Amino acid sequence: MKDLFGEDIVNIACKAHEDVMRSHGGSYDKRNKLNDLTGSEWQFWTKTVISKPYPSNMQHKLRSQHGGQKPPQLCADLIKVFTKKGQTVLDPLAGVGGTLLGAALCGRKAIGIELNQKWADIYKQVCDLEHLDRYPIIVGDANDKLKELEPNSVDFVLTDVPYWIMDQVTKTRSSAARASNLSKFNEKDLQTKEEWLSEMKAIFTNAVRPLKKNGYMAVFIGDMYRGKEYHFLAGELAKTISEIKEFTLKSDIIWHDDSKMLHIYGYPFAYIPSVIHQHILIFRKDG
Ligand SMILES: C[S@@+](CC[C@H](N)C(=O)[O-])C[C@H]1O[C@@H](n2cnc3c(N)ncnc32)[C@H](O)[C@@H]1O
């Protein structure tokens, strides 16, 4: 279709898009099938350390009841690297919706799965308070609900894993589950690291089907210091997910969370780290 001056309307739209992109630095390559980034934006996001600060905004008080929530802006930045405008993001462990809020911020669609109704309800409240598009969160076990999603229906998976019961302060299952903030999302009462890894493998195996071929998956995971030793959980989880034949590990991005409160662990007797970074493991569905 032509405009009043005889120029092709589709060309004008493309040029306008390219101009916007150039104003953000660099030019947009029309062959780019992955995202809407310009060359310089693409280059920036190939870095394996995210040093950009992310504010604790968007109804932070409400969302912080969860304790494991991720900054929606950080999620939006990751979503922009692995999708184009209008595409769909899946979070099978959605919590209070960091991924879904991030998708709304950057004009993508999203779908979440969350075991706990309370977190899904908080996500809905936040959307209403912030006047943001509200995407569906299916309440239930990701292992079952992922099987109900259409095959090849999502462009990107962005998620953040729960942990197992780490602090066995009492013999009873329920009080042990309350002992640690990290263990708080262990709704399924996973008792050991082995049980946890096998549950994560089951969930990510089920995430293969809804993800489109050549689609990416990003997984937040924190290492931890427990029982007098450092647990390189990111390494263990990366190895476990890589055993799923469709997923290939592509990167390990470090996000440094400066909002974490520091304690002087070990002082003045022994070195104990304050783990203030998280890993974002990047996989691609190749198979
Ligand atoms: C670390 S949190 C995710 C936080 C989220 N990124 C956010 O910004 O709010 C992990 C979530 O997974 C949920 N969860 C644990 N096991 C699950 C399962 N099998 N199916 C669905 N959700 C599960 C927990 O209830 C918890 O809210």
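Fair warning: this is a prediction, and the values are worked out from it, not measured in the lab. For ligands, and for the atoms within them, numbers begin at 1 and follow the listed sequence.
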With a heavy-atom distance limit of 4.0 Å, tell me whether [X] approaches ligand 1 through its side chain, its backbone, both, or neither.
| X | value |
| --- | --- |
| V161 | backbone |
| K145 | neither |
| P92 | backbone |

Open item on the list: Looking at D36 and K80, is there a salt bridge between them, counting it only when a charged N and a carboxylate O are closer than 4.0 Å?
Closed with: no

Below 4.0 angstrom from a heavy atom of [X], which ligand 1 atoms are there? Numbered from 1 as shown, please.
| X | result |
| --- | --- |
| G68 | 4 (C) |
| K70 | 6 (N), 7 (C), 8 (O) |
| E199 | 19 (N) |
| A142 | 18 (C), 19 (N), 20 (N), 21 (C) |
| Q69 | 7 (C), 8 (O), 9 (O) |
| W119 | 25 (O), 27 (O) |
| P162 | 15 (C), 16 (N) |

Considering both backbone and side-chain atoms of [X], is one of its nitrogen or oxygen atoms within less than 3.5 Å of a nitrogen or oxygen in ligand 1?
| X | answer |
| --- | --- |
| D141 | yes |
| I203 | no |
| D160 | yes |
| G98 | yes |

- [ ] Taking all heavy atoms of D252 and all of L281, pick out the closest pair and write down the distance.
- [x] OD1-CD2, 3.8 Å

Open item on the list: Quick check: closest heavy atoms across T48 and S251, and the distance to 0.1 Å?
Closed with: CG2-OG, 3.9 Å

- [ ] Please check if atom CD in E243 has more than 12 non-hydrogen atoms from other residues, nucleotides or ligands closer than 6.0 Å.
- [x] yes

Do [X] and [Y] come within less than 4.5 Å of each other through their side chains, counting heavy atoms only?
| X | Y | value |
| --- | --- | --- |
| D77 | K52 | yes |
| Q125 | Q59 | no |
| R108 | K85 | yes |
| L93 | P162 | yes |

Task: Per atom 24 (C) of ligand 1, closest listed option by heavy atom (M200, R63, H66, E114) - done: E114

Task: Of the listed options N143, L100, L115, V96, closest to atom 21 (C) of ligand 1 (non-hydrogen atoms) - done: L115

Task: Sequence neighbours excluded, every pair satisfying ring-ring contact (aromatic ring centres under 6.0 Å, His included) that has a member inside residues 67-112 - done: F82-F156, F82-Y216

TODO: May I have the step-by-step check of side chain to side chain donor-acceptor pair (under 3.5 Å) for Q69 and D160, ending in yes or no?
DONE: CA-CA 9 Å; Q69 74 282 1; D160 181 10; over 6 Å; no

Open item on the list: Would G140 count as a contact residue for ligand 1, given that I'm defining contact as a non-hydrogen atom of the residue lying under 4.0 Å from a ligand atom?
Closed with: yes

Open item on the list: Between Y123 and H66, is the ring centroid distance below 6.0 Å?
Closed with: no

